[in-house]
2 protein chains.
Amino acid sequence: MLPVPQLVERCRSAGMRMTPQRRAIFEFLEGNTDHPTAEAVFRAVHRRHPGISLATVYNTLDTLERLGELDRLELGGAAERFDPEVRPHQHFHCTRCGRVEDLFGDVPTPAVEGPVGCRVDRVRVQLVGLCATCRGRERPARRRGSSPQ
Amino acid sequence: MLPVPQLVERCRSAGMRMTPQRRAIFEFLEGNTDHPTAEAVFRAVHRRHPGISLATVYNTLDTLERLGELDRLELGGAAERFDPEVRPHQHFHCTRCGRVEDLFGDVPTPAVEGPVGCRVDRVRVQLVGLCATCRGRERPARRRGSSPQ
DNA sequence: GTACCTGCAAAGCGTTTGCTAATTC
DNA sequence: GAATTAGCAAACGCTTTGCAGGTAC
């Protein structure tokens, strides 16, 4: 995602109007590496703009995605997650806590070819597993008498 | 997924009971390469078992997944899709018609490392774009007078 | 002033759950 | 006979939509 001032300019050029709600969403997303859900964006922006509605958040996120300034992560699970980092990169997804981490690996495009005649627009690479924190919790040091539940 | 007879045996060994509904779902999935949704499985099985319910389909799919005999594709979009092919492979996903094709590429695991200390259980590679058919429809041969709508 | 946008509420969709009756073993 | 499973329907979570009023330009 562009820095907010330039992003605002881009939006205006695209014929969009700059509302305080949109600006607040932009500011929350800028530099955010949490890959928030729409709900999370809503909660955060709601603090400063108590009147904002979830529908507006969805609208703005859709708009940013259409402009190519935001990625929608297809990680499965209930809620969609959004990523203001649109440069090519991959993701690590912890199945226990849901945390998503950016990975800027060496080999973004694996040597896999699509079906004959198709057009490949994007290659999505997702590493799925347990993050360091959850690994510790999953396999706790066995102590006498204690058993995990 | 195992062939049905062996799958049935596995299920029984796991303490599960073999109902006609389950067997019908197994038979529909065997060799299926369409990556059907739960809804699609339901529609197909419903023809022979008009009494079956969606909940039963979901239950059975969950069970198969837990046994490792079925993969749940996290492709985003509304409905989850299921894959009886559980050997490591990738997918091509057409964003226009939704078709999903299996890809058994040369390099299943891209040279990307997970975050320090994490445990990577699975690497998911998805190629996203337009299939050959949709490519033709998306960019139709320009003819005089005709314009795409 | 005129679109576009917001907020609200309701609807939509896919999935899960709670319960009773039926079935498998 | 005992315990799992099926069916039904309602509840659920996330997202989208329709509309009336408000706001940026």
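Reminder, nothing fancy here: chain letters follow the sequence lines and each chain counts from 1.
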Student: B:E74: which residues meet the side chain to side chain donor-acceptor pair (under 3.5 Å) condition with it, sequence neighbours left out?
Tutor: none
Student: Got a sec, which pairs hit salt bridge (Lys or Arg N to Asp or Glu O under 4.0 Å) with one end in residues 76-95 of chain A, sequence neighbours left out?
Tutor: A:E85-A:R87
Student: Under the side-chain contact (heavy atoms from CB on, under 4.5 Å) rule, collect the residues that match up with A:C118, sequence neighbours excluded.
Tutor: A:P115, A:V120, B:F92
Student: For the helix from C:dG1-D:dC25 to C:dC25-D:dG1, how many degrees between its two end axes (five pairs per end), to the nearest 10°?
Tutor: 40°
Student: Which residue pairs pass the ring-ring contact (aromatic ring centres under 6.0 Å, His included) test with at least one member in residues 31-52 of chain B, sequence neighbours excluded?
Tutor: B:H35-B:H91, B:F42-B:H46
Student: Do any N or O atoms from the side chain of B:D34 and from the backbone of B:P36 form a donor-acceptor pair under 3.5 angstrom?
Tutor: no
Student: Below 3.5 Å, can you tabulate the donor-acceptor pairs from side chains in residues 12-20 of chain A to any protein atom, sequence neighbours excluded?
Tutor:
from  : atom 1 : to    : atom 2 : distance (Å)
A:S13 : OG     : A:E9  : O      : 2.8
A:T19 : OG1    : A:R22 : N      : 3.2

Student: Tell me the interatomic distance from B:L75, atom CG, to C:dG14, atom C1', rounded to whole angstroms.
Tutor: 15 Å
Student: Classify every nucleotide of nucleotides 14-25 of chain D by which part a protein heavy atom approaches to under 4.0 Å, writing B for the base, S for the sugar-phosphate alone and - for neither, in 5'-to-3' order.
Tutor: SBBB------BS
Student: Write out all pairs satisfying ring-ring contact (aromatic ring centres under 6.0 Å, His included) with one or both partners inside residues 61-86 of chain A, taking only residues at least two apart or from two chains.
Tutor: none
Student: By side chain to side chain donor-acceptor pair (under 3.5 Å), which residues pair with B:S53, not counting sequence neighbours?
Tutor: B:T56
Student: Would you mind reading off the distance between B:L61 atom CG and D:dA6 atom C1', rounded to a whole angstrom?
Tutor: 15 Å
Student: OP1 or OP2 of D:dG7 sitting under 4.0 Å from any side-chain N/O of B:Q21?
Tutor: yes
Student: Distance check needed: D:dT5 P versus B:H49 NE2, whole Å only.
Tutor: 17 Å
Student: Atom CD1 of B:I52 and atom P of C:dA22: how far apart are they, to the nearest Å?
Tutor: 18 Å
Student: What is the nucleic acid contact for A:G51, judged by heavy atoms within less than 4.0 Å: base, sugar-phosphate only, or nothing?
Tutor: sugar-phosphate
Student: Among the candidates C:dG7, D:dT5, D:dG7, find the nucleotide nearest to the side-chain atoms of B:R22.
Tutor: D:dT5
